[in-house]
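Reminder, nothing fancy here: chain letters follow the sequence lines and each chain counts from 1. Everything numeric here is computed off the predicted structure, so don't read it as measured data.
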4 protein chains.
Amino acid sequence: MDKKPRADSLRNREHILNIAREAFTTSGASVSLDDIAKKANVGPGTLYRHFPNREALLEAVYRSEVAKLCAAEKEFAATMSTVEALRAWMLLFIDYIDAKLVISPALNLYLCGESNELFESTGNQIKAAIRGLVERAVNSGDIREDVDPLDLLRAIFGVATTASSADWHQGARKLVDILILGSKPQE
Amino acid sequence: MDKKPRADSLRNREHILNIAREAFTTSGASVSLDDIAKKANVGPGTLYRHFPNREALLEAVYRSEVAKLCAAEKEFAATMSTVEALRAWMLLFIDYIDAKLVISPALNLYLCGESNELFESTGNQIKAAIRGLVERAVNSGDIREDVDPLDLLRAIFGVATTASSADWHQGARKLVDILILGSKPQE
Amino acid sequence: MDKKPRADSLRNREHILNIAREAFTTSGASVSLDDIAKKANVGPGTLYRHFPNREALLEAVYRSEVAKLCAAEKEFAATMSTVEALRAWMLLFIDYIDAKLVISPALNLYLCGESNELFESTGNQIKAAIRGLVERAVNSGDIREDVDPLDLLRAIFGVATTASSADWHQGARKLVDILILGSKPQE
Amino acid sequence: MDKKPRADSLRNREHILNIAREAFTTSGASVSLDDIAKKANVGPGTLYRHFPNREALLEAVYRSEVAKLCAAEKEFAATMSTVEALRAWMLLFIDYIDAKLVISPALNLYLCGESNELFESTGNQIKAAIRGLVERAVNSGDIREDVDPLDLLRAIFGVATTASSADWHQGARKLVDILILGSKPQE
DNA sequence: CATGAATGAGCCTTCATTCAT
DNA sequence: GATGAATGAAGGCTCATTCAT
């Protein structure tokens, strides 16, 4: 087991977050927090110190997913071709939806009507990211000018929600390629 | 107290179903079943007699929602103008999604990978319904020929899932009018 | 199923008693009364009419077992050889213990210290029966004179309680033959 | 309130075991586990942490009874005269039967036919203990040579099971003295 | 800081009992 | 009389949370 000799509590927090993401997406937003602690090889008290309740943990997981997405944009844009970057990012976006579909309704129960700053701001971050990637590809002439960046995401969303089975990922991944391909300028 | 004579335990069942739908959509798929029983003015044993567990209740609510949708198609088609019928049905469809968004992920945890007959068959019923309504409107010349019926539903789905707040209904209702309007043949 | 056209409630009672005996001995004294009713193809209300509570049912089962034993003595003595009668009755006694082992501790919880008429009187009936059978066999010279009838029963009891497994019946049945054989006068 | 510091949760466990023994023997094997927890001044969760279900608790109580018996043999043999040790141990054995009579049938429902290691092994331990004590007394010339150690136990068993009332202890205790007395070599 | 034992409210479920048919 | 739907008080068990170590 990867027991840290000194208390690198930040890394600990990150670890819990990863385990929690996994647990939420595979078992729903009401998994036992004790189980999450157990899977993370951490006492319930430790989990509680980092995240005082389920809501806090859900929100933290969600924010970390969005952060992952934003970081990826920067990195991909810097190291890949425009189309590859777009494609890689959209594949990541599939994972994000996985979490979003579970976390979002759960958090809405807590927020319960209050205009939520969380989804507002993270939504903007994501839009900015996809816009950046698309714009870059349009500018370099790699994809058509008339592509609405958000439509790319909505399409993935659509598959995720309309799919009859819980395993919509395969379909979504195929769709990414189709969207990229269909977005190429006709010659 | 609205004490029912025992003969119509069917009406009792229906009543529980309504309360359950309400509870699930407003408080998530893990509301206390005891609370549902309480809200339905029914002992927990009675709820249990009708639905032996959460899964059964979820499925029953879901099926009843789909049945409502199918019945509505018949009724609306028989009593309204083509466009009005389409519009009324789509408004009902918003309610359906409300339930679907909560029930579907929850049931997937139970079904857990098994190719589920439930969503397969209900999906087909719903597709048939919208197709029927659109076809009728196309035939009577009230809407354009090139409307893909499923796109109408996908659009609603999109709003439901992409909306930042839990209260996407308003937006969805507006969208229905836009879709209907946009589907009218240009002259 | 043997549904009676007219309400022969006595036979109904007898039927419940049989089912109850079976249920108690195989599943312990705290089986669900509902289950017993179900297995007897009877509504819970009917069971309740005949036996107002678990205690009443337990006692009725117990009394019927003892009655069975007493009736058997009469019958066997009238129709079999002395040794055969003794043997057959002791085999029946094994079944009786089966019930007694379960019912007796359960009833003691209800009686809770009160000097119980039930076990006193039934005990006497059983002693009288075994004494009658043994006496008859002694008189006819088929078994030794110095056999204490109660020792025959105590031996069976001993096996029933000391046996490590729940399935002591086999051992007990073997013991019956040994006892009968060992009781034969040596020549 | 006798609040224990958390380190000796072992003592806590022991305490629950004692309460459980008491509850099982006086109220049968289906007492409410919640009630046991309450009587032990412990939350139900704590009881559950130590014993995940009724079967585990029953088995633990049973094993602790046997352990008590084995420990007593050692202790008594070391500190008492041979006859006193035998007598004291047999009085303890009466308590053991009290538990055995309740626990054994209950566990058999769980084990349900499987050849149970539990009763096999504990049976051997008990036999070894009584044999040791009797042998010692025989060797020192304090009791007759022809005493079958197991018969001493079987006699107690017999009283326990054949007694009409639930309060057979008195009779059993008298019997112990008679047995010891009767086992003394005639001079 | 981390740990994990303890807590106790509350969930799901069962089941003896009642009562309308 | 028989039926079985309804009731609701527990029971078993879970799990978020606290707190002693």
Starting at [atom1] of [X] and ending at [atom2] of [N], how long is that distance when rounded to a whole Å?
X       : N      : atom1 : atom2 : answer
D:Asp34 : E:dG10 : CG    : C1'   : 12 Å
C:Glu55 : E:dA16 : CD    : C1'   : 14 Å
A:Arg49 : E:dG4  : CZ    : P     : 16 Å
B:Lys38 : F:dA6  : NZ    : P     : 19 Å
D:Asn41 : E:dG8  : CG    : C1'   : 14 Å
C:Leu47 : E:dT18 : CG    : C1'   : 14 Å
A:Asn12 : E:dC1  : CG    : P     : 11 Å
B:Leu57 : E:dT13 : CG    : C1'   : 14 Å

Handout entry: Carboxylate-amine/guanidinium proximity below 4.0 Å for B:Glu14 and B:Lys68
Key =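 Salt bridge between B:Glu14 and B:Lys68, a charged N being under 4.0 Å from a carboxylate O: no.
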Problem - Carboxylate-amine/guanidinium contact D:Glu65 D:Lys100, below 4.0 Å - result: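 Looking at D:Glu65 and D:Lys100, the cut-off is not met.
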Problem - N or O in side chain of C:Tyr48 less than 4.0 angstrom from E:dA16 OP1/OP2 - result: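 Checking C:Tyr48 against E:dA16: no side-chain N or O falls below 4.0 Å of OP1 or OP2.
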Practice task
Report yes if a side-chain nitrogen or oxygen of C:Asn53 is closer than 4.0 Å to either non-bridging phosphate oxygen (OP1 or OP2) of E:dA16; otherwise report no.
Solution key: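 No, outside the criterion.
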Problem - Pairwise distance CG(D:Asp35) to CD1(D:Ile19) - rounded to 0.5 angstrom - result: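 So the CG of D:Asp35 and the CD1 of D:Ile19 are separated by 12.0 Å.
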Quick one: which of [options] gets closest to the side chain of [X]?
X       : options                : value
C:Ser32 : F:dA6, E:dA6, E:dC15   : E:dC15
D:Arg54 : F:dG11, E:dT17, E:dT14 : F:dG11
D:His50 : F:dA6, E:dA6, F:dT3    : E:dA6
A:Val42 : E:dA6, E:dT3, F:dC13   : E:dT3

Handout entry: Residue met sooner reading DNA chain E from 5', once C:Ser30 and B:Leu33 are mapped to nucleotides
Key =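 With C:Ser30 and B:Leu33 compared, the 5'-side residue is B:Leu33.
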Exercise for the section: Check B:Leu109 against A:Ser27 and note the closest heavy-atom contact, atom names and distance. Expected result: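 Distance-wise, the nearest heavy atoms are CD1-O, 3.4 Å.
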Problem - Exercise: identify the closest heavy-atom pair between B:Ala99 and B:Thr25 - result: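 It is CA-CG2, 3.6 Å.
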Practice task
Determine which nucleotide pairs with E:dC19, using a 3.5 Å limit on both distances of a Watson-Crick or G-U wobble pair.
Solution key: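 E:dC19 is paired with F:dG4.
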Exercise for the section: Tell me what B:Pro44 touches on the nucleic acid: a base, only sugar-phosphate, or nothing, going by heavy atoms under 4.0 Å. Expected result: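 Here B:Pro44 touches the bases of the nucleic acid.
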Practice task
Quick one: label A:Asp35 by what it contacts on the DNA or RNA (base, sugar-phosphate, nothing), any heavy atom closer than 4.0 Å.
Solution key: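 Answer is nothing: A:Asp35 stays at 4.0 Å or more from every strand.
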Practice task
Using the closest heavy atom to pick a nucleotide of DNA chain F for each, name whichever of D:Pro52 or B:Thr46 lands nearer the 5' end.
Solution key: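 Whichever sits nearer the 5' end wins; that is B:Thr46.
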